[in-house]
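This report refers to the structure that appears directly beneath it.
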Number of protein chains: 2
Amino acid sequence: MKEREISDKEIINYLQDTLYVINGKWKLPVLMAIKRGSTRFREIQRYVPPITSRVLSSELKLLEQNKLVTRKVYDEIPVLVEYTLTTYSETLFPIIELMVYWGKDHRKVIAGK
Amino acid sequence: MKEREISDKEIINYLQDTLYVINGKWKLPVLMAIKRGSTRFREIQRYVPPITSRVLSSELKLLEQNKLVTRKVYDEIPVLVEYTLTTYSETLFPIIELMVYWGKDHRKVIAGK
DNA sequence: GTAACCAGTATTAAAAAGGATACCGGTGAA
DNA sequence: TTCACCGGTATCCTTTTTAATACTGGTTAC
């Protein structure tokens, strides 16, 4: 039994759905920061300069809504907040990694004439 | 001889370079439209609704600047303008295709809970 | 001749994204 | 006690993006 082909309109819709989730300058860099080991708010902020706390705060909320990031609060003294990736977010990293390599090459393409 | 590892900062920079090129709602859908066979201005516009001609016009210029699209003018009567993909743009399609499939699944993930 | 299509441009406005700066209450170290 | 760090929020402002609408000059189809 064969899968139905994806129509032109569906392709555009799916693509736009993805773009809607990852849009803007910050969401993917923030995910990458967490992936690379930054879990604390200030830590992420230092990793992805020069994002302001206002913007980082709102990006993290959107990432949470899209089930890409989990926010955990530990009731220690002082209170500790940790951001971690969901397992679902792993599905996004093949795309992000391709984008990293593409950006690296693109720099050469544009510079090299 | 081993390649040097990419540092944290470079990763973020390359990623941001890529995001800078593809940012916004329209550039990737426009590339996809051309890929799927739309070469004329109005044809692309119909393929990617509801983009206005003003926005499409400026997106196409940016795509040209980044060597992803070629604009050819045929001096016929009436004048004919054709947009085609560069071979370089092919390097972007693995990313775009992953994004199409990711968007398809993401819809289920968000809806299904 | 009038309507419609072509490839856009012009003008204006609205909405969204992002940035600057200051500040909060709490803790901990010097 | 003063300073710095933590995880943010509040307020205000600028820039960027996107949209709405109209229009141009030329061409073909009815």
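Chain A is the first sequence line, chain B the second, and so forth, proteins listed ahead of strands; every chain is numbered from 1.
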[N] phosphate, OP1 or OP2, under 4.0 Å from [X] side-chain N/O:
X: B/Y74; N: C/dC6; value: no
X: A/W26; N: C/dG19; value: yes
X: A/K61; N: D/dT9; value: yes
X: A/K25; N: D/dT16; value: no

| Pairs in or reaching into residues 69-91 of chain B: which pass ring-ring contact (aromatic ring centres under 6.0 Å, His included), with residues at least two apart or in two chains? | A/W102-B/Y88, A/H106-B/Y88
Length of the line joining [X]:[atom1] and [N]:[atom2], which is rounded to integer Å:
X: A/I22; N: C/dA17; atom1: CD1; atom2: P; value: 14 Å
X: B/N23; N: D/dT16; atom1: CG; atom2: P; value: 12 Å
X: B/L80; N: C/dG8; atom1: CG; atom2: P; value: 10 Å
X: B/L56; N: D/dT17; atom1: CG; atom2: C1'; value: 15 Å
X: A/K27; N: C/dA16; atom1: NZ; atom2: P; value: 13 Å
X: B/Y20; N: C/dA17; atom1: OH; atom2: C1'; value: 15 Å
X: A/K72; N: D/dG7; atom1: NZ; atom2: C1'; value: 17 Å
X: A/D75; N: D/dC6; atom1: CG; atom2: C1'; value: 15 Å

| task | Would you please test B/L19 and A/W26 for side chain to side chain contact (heavy atoms under 4.5 Å, CB included) and show each step? | result | CA-CA 9 Å; B/L19 290 169; A/W26 299 117; over 6 Å; no
| field | Test log, rule side chain to side chain contact (heavy atoms under 4.5 Å, CB included), inputs B/M32 and A/D8 | value | CA-CA 9 Å; B/M32 183 57 91; A/D8 285 358; over 6 Å; no
| Can you tell me if B/T18 uses its side chain to pair, donor with acceptor, with the backbone of A/M99 under 3.5 Å? | yes
| Checking side chain to side chain contact (heavy atoms under 4.5 Å, CB included) for the pair A/V69/A/R71: CA distance, chi angles, key distance, verdict? | CA-CA 7 Å; A/V69 158; A/R71 180 178 187 270; 5.6 Å; no
| Interface residues of residues 37-55 of chain B with DNA chain C (non-hydrogen, below 4.0 angstrom) | B/R40, B/F41, B/R42, B/R46, B/S53, B/R54
Table of protein N/O atoms under 3.5 Å from nucleotides 25-28 of chain C N/O atoms:
none

| Is a salt bridge present between A/E10 and B/R107, judged by a nitrogen-to-oxygen distance below 4.0 Å? | no
| request: Look at B/K25 together with B/E59 and state whether they make a salt bridge at an N to O cut-off of under 4.0 Å. | output: no
| field | From CA spacing to verdict: salt bridge (charged side-chain N to carboxylate O under 4.0 Å, His left out), A/K35, A/E90 | value | CA-CA 9 Å; A/K35 174 96 166 175; A/E90 291 301 321; 3.1 Å; yes
| message | Within the supplied structure, the quantity of interest is the number of heavy atoms (other residues, nucleotides, ligands) at a distance under 6.0 Å from A/Y101 OH; does it exceed 12? | response | no
